[in-house]
Amino acid sequence: MRRLQLSAFFIALILGLLCAQTSVLRAETTETTYFDITASEVRKIVVAVPGFTGSAAGQGSAGVTAAKLVTDGFQLYSFLNIIDYGSYGGRKDADWRAMGADYVVMGEVNSDPAGLAVGGQILEVATNRTLPGRVYKGASGQLEDMALRLCDALVEDFTGEPGVARTKMAYVSDSTGRKEVYVTDILGRHPRQITKHRALAVSPRFAPDGNTLAYTSYHRGNQDLYLTDLRQGSQTTSISRRPGMNLAPAFTPDGNMVVTLSVGGNPDLYLIDRRGKILSRLTERAGINVSPSISPDGRTIAFSSDRSRGGHPKVYLMDLSSRHVRLLQNTIGECSEPSWSPKGDEIAFTGLVGGSYQIFVSDRNGGNVRQVSSGGGDFESPTWAPDGRLIAAARKSGGRSQVCVLSKNGKDVRVLLNMRGNLTFPQWSPRIP
């Protein structure tokens with residue numbers, strides 16, 4: 001549930017946001033109050049993020065850069081309405097009441113023995129109070145990371161859950177003329193090509209640690225499964241080169257994988273370890289079984305199968321302990337590509353409706369089915385942000401495919417990654433420590 005703090009806005013301690021290279025100073029907390037902002041009648045919160053000031057704000061335009069990073073992180077969320085920076089010249093002394101602002105981020109970038117100190121306080125416009133904030137310290141080269149940490153901390157004060165501005169997105173792009181796997185920060189600032197096979201690569205999947213990426217590549221003429229450590233840039237490990245399909249890995253909480261293999265002649269789901277050893281066969285000759293997604297507790301698999309009488313793909317659930325399989329829902333006739341929310345309470349999937357593919361969300365038992373995508377084009381490959389509030393998907397429209405982001409309540413579909421080439425198979429990373 002998304003929540004907004006009221007009387008003591010932006011005072012909560014920021015926990016778990018430290019890394020080895022960055023320290024944070026935190027304000028003392030007082031009792032806070034929240035209200036639900038998921039209801040459709042609640043208006044957007046209007047926020048301004050003027051340029052950061054301070055002793056180091058002018059070094060390489062650090063103050064403007066920090067403000068833009070916080071703004072870009074805020075714009076992931078549809079409940080925030082950010083006042084255009086240019087409409088007030090980025091000044092902190094604008095007439096905020098006249099501009100309709102509810103809150104203003106008062107940020108600073110100062111010199112520090114560690115390098116830089118990036119901090120932010122919130123001006124509550126209605127009361128003209130400046131509320132306690134926080135300061136992050138690190139090396140000068142960590143300006144971006146510190147600004148995004150601040151952004152995620154402020155989102156936590158809005159919602160009770162840290163933001164996702166420091167996460168990453170894996171995807172497939174054909175910008176080189178071949179479909180290769182890439183990884184970028186969630187704001188699309190630093191794309192990095194992972195595969196250079198000059199052959200089709202599909203279905204990138206992050207391991208729970210966020211440092212390992214699995215994918216399937218056709219560069220040897222077969223659909224083979226690989227793992228690569230994202231902390232280095234040259235070496236990949238072959239996990240499964242069995243003849244036929246080696247597709248679409250889904251990681252269990254303990255690091256094993258559920259994959260589609262066709263070693264028995266039929267595309268079935270298997271549980272394998274990190275070395276590719278088959279631990280167990282999960283389905284057997286009951287249609288084509290693909291696109292596994294594992295619940296956060298590791299007890300249930302959602303997957304797509306055409307085992308139904310009509311032959312159309314549908315989403316099924318398997319209890320891993322009993323191996324009992326049941327249909328998730330029967331509202332949407334053709335559906336596939338399930339993606340389990342990191343909260344464990346909902347499942348997103350692709351469904352065919354009105355001649356186009358759209359993104360739907362149901363609860364974990366198949367109830368409360370609702371369409372959350374809108375606008376022209378076909379949507380596919382839904383993937384959840386680690387906060388369980390946002391969903392990314394590939395949208396194909398006008399002969400082009402882009403990665404879009406939408407909220408799980410179905411509001412404000414926006415382009416997230418708009419890079420050269422066609423972008424498909426998005427996969428949102430876990431939180432970055």
Side-chain angles (χ1 to χ4, degrees), residues 10-28 49-76 85 90 92 105-122 130 132-157 162-170 182-194 206 209-213 228-235 385-387 428-433:
F10 294 105
I11 306 178
L13 285 175
I14 304 305
L15 300 177
L17 290 175
L18 303 182
C19 66
Q21 299 85 6
T22 306
S23 63
V24 59
L25 305 181
R26 300 175 296 181
E28 293 300 318
V49 189
F52 285 28
T53 56
S55 62
Q59 297 178 13
S61 302
V64 174
T65 298
K68 186 178 188 308
L69 286 164
V70 172
T71 298
D72 290 348
F74 278 178
Q75 287 177 337
L76 292 169
Y85 186 92
K92 286 186 174 181
V105 177
M106 296 294 187
E108 290 192 351
V109 181
N110 290 301
S111 299
D112 185 85
L116 290 177
V118 178
Q121 292 181 306
I122 298 301
T130 301
R134 68 275 298 150
V135 177
Y136 295 89
K137 295 184 176 182
S140 298
Q142 293 181 289
L143 171 65
E144 180 173 321
D145 184 67
M146 288 183 283
L148 295 179
R149 285 178 182 273
L150 176 63
C151 175
D152 285 346
L154 299 182
V155 170
E156 182 176 19
D157 290 327
V164 295
R166 295 180 63 251
T167 57
K168 298 181 182 296
M169 183 75 71
Y182 292 74
V183 171
T184 183
D185 62 289
I186 204 62
L187 303 181
R189 294 167 57 91
H190 307 295
R192 171 187 166 197
Q193 186 174 343
I194 302 302
F206 283 99
D209 62 9
N211 293 319
T212 304
L213 192 73
T228 186
D229 187 336
L230 296 175
R231 291 167 294 187
Q232 52 82 40
S234 59
Q235 186 174 358
D387 63 2
W428 214 313
S429 79
R431 294 193 188 279
I432 306 301

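Quick note: residue numbers are just sequence positions, from 1. Heavy atoms only: backbone and side chains are in, while hydrogens, waters and symmetry mates are out.
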- Message: Any heavy-atom pair between the side chains of Phe52 and Val118 that's under 4.5 Å?
- Response: yes
- Rounded distance [0.5 Å steps], CG in Leu187 versus CE in Met169: 10.5 Å
- Query: How would you list, by chain and number, every residue that makes a salt bridge (Lys or Arg N to Asp or Glu O under 4.0 Å) with Lys68, sequence neighbours excluded?
  - Reply: Asp72
- Message: Which heavy atom of Gly73 sits nearest to which heavy atom of Ala165, and what is that distance?
- Response: CA-CB, 4.1 Å
- For residues Lys168 and Thr184, is any side-chain donor paired with an opposing acceptor at under 3.5 Å? no
- Query: Between Asp185 (side chain) and His190 (backbone), is there a donor-acceptor pair under 3.5 Å?
  - Reply: yes
- Task: Hey, could you give me the SG/CD distance between Cys151 and Glu156, rounded to the nearest 0.5 Å?
- Result: 12.0 Å
- Looking at Ala56 and Ala62, what are the two nearest heavy atoms and their distance? O-CB, 3.6 Å
- Work out which heavy atom in Gln232 is nearest to a heavy atom in Arg192; give both atom names and the distance. O-NH2, 3.0 Å
- Message: Are the side chains of Leu154 and Phe74 in contact, using a 4.5 Å heavy-atom criterion?
- Response: yes
- Is Val164 close to Pro386 at the side-chain level, that is, under 4.5 Å between some pair of heavy atoms? yes
- Query: Does a side-chain heavy-atom distance below 4.5 Å link Leu116 with Gln142?
  - Reply: no
- Which pair of heavy atoms, one from Pro50 and one from Val105, lies closest together, and at what distance? CD-O, 3.3 Å
- Polar side-chain atom of Thr167 near backbone of Ser429 as donor-acceptor pair, under 3.5 Å: no
- Message: Looking at every heavy atom in both Gly51 and Lys92, which two are closest together, and how far apart are they?
- Response: O-CE, 3.6 Å
- Query: Does any non-hydrogen side-chain atom of Leu230 lie less than 4.5 Å from one of Thr212?
  - Reply: no
- Message: Using side-chain heavy atoms (C-beta onward) and a distance below 4.5 Å, is Glu144 in contact with Arg189?
- Response: yes
- Item | Side chain to side chain, Ile122 and Thr130, heavy atoms closer than 4.5 Å | no
- Close side-chain approach of Tyr136 to Asp145, heavy-atom, < 4.5 Å: no
- Task: Output, in order, the C-alpha distance, side-chain angles, deciding distance and verdict of side-chain contact (heavy atoms from CB on, under 4.5 Å) for Val64 and Tyr85.
- Result: CA-CA 10 Å; Val64 174; Tyr85 186 92; 3.8 Å; yes
- Rounded to the nearest 0.5 Å, what separation is found between the CD atom of Gln59 and the OG atom of Ser111? 5.0 Å
- Message: Can a donor-acceptor pair be found, under 3.5 Å and without considering hydrogens, that links the side chain of Asn110 to the backbone of Ser55?
- Response: yes
- Message: So which atom in Ala117 and which in Val135 form the shortest heavy-atom distance, rounded to 0.1 Å?
- Response: CB-CG1, 3.8 Å
- Query: Under the salt bridge (Lys or Arg N to Asp or Glu O under 4.0 Å) criterion, do Asp152 and Arg166 qualify, and how do the steps go?
  - Reply: CA-CA 8 Å; Asp152 285 346; Arg166 295 180 63 251; 5.3 Å; no
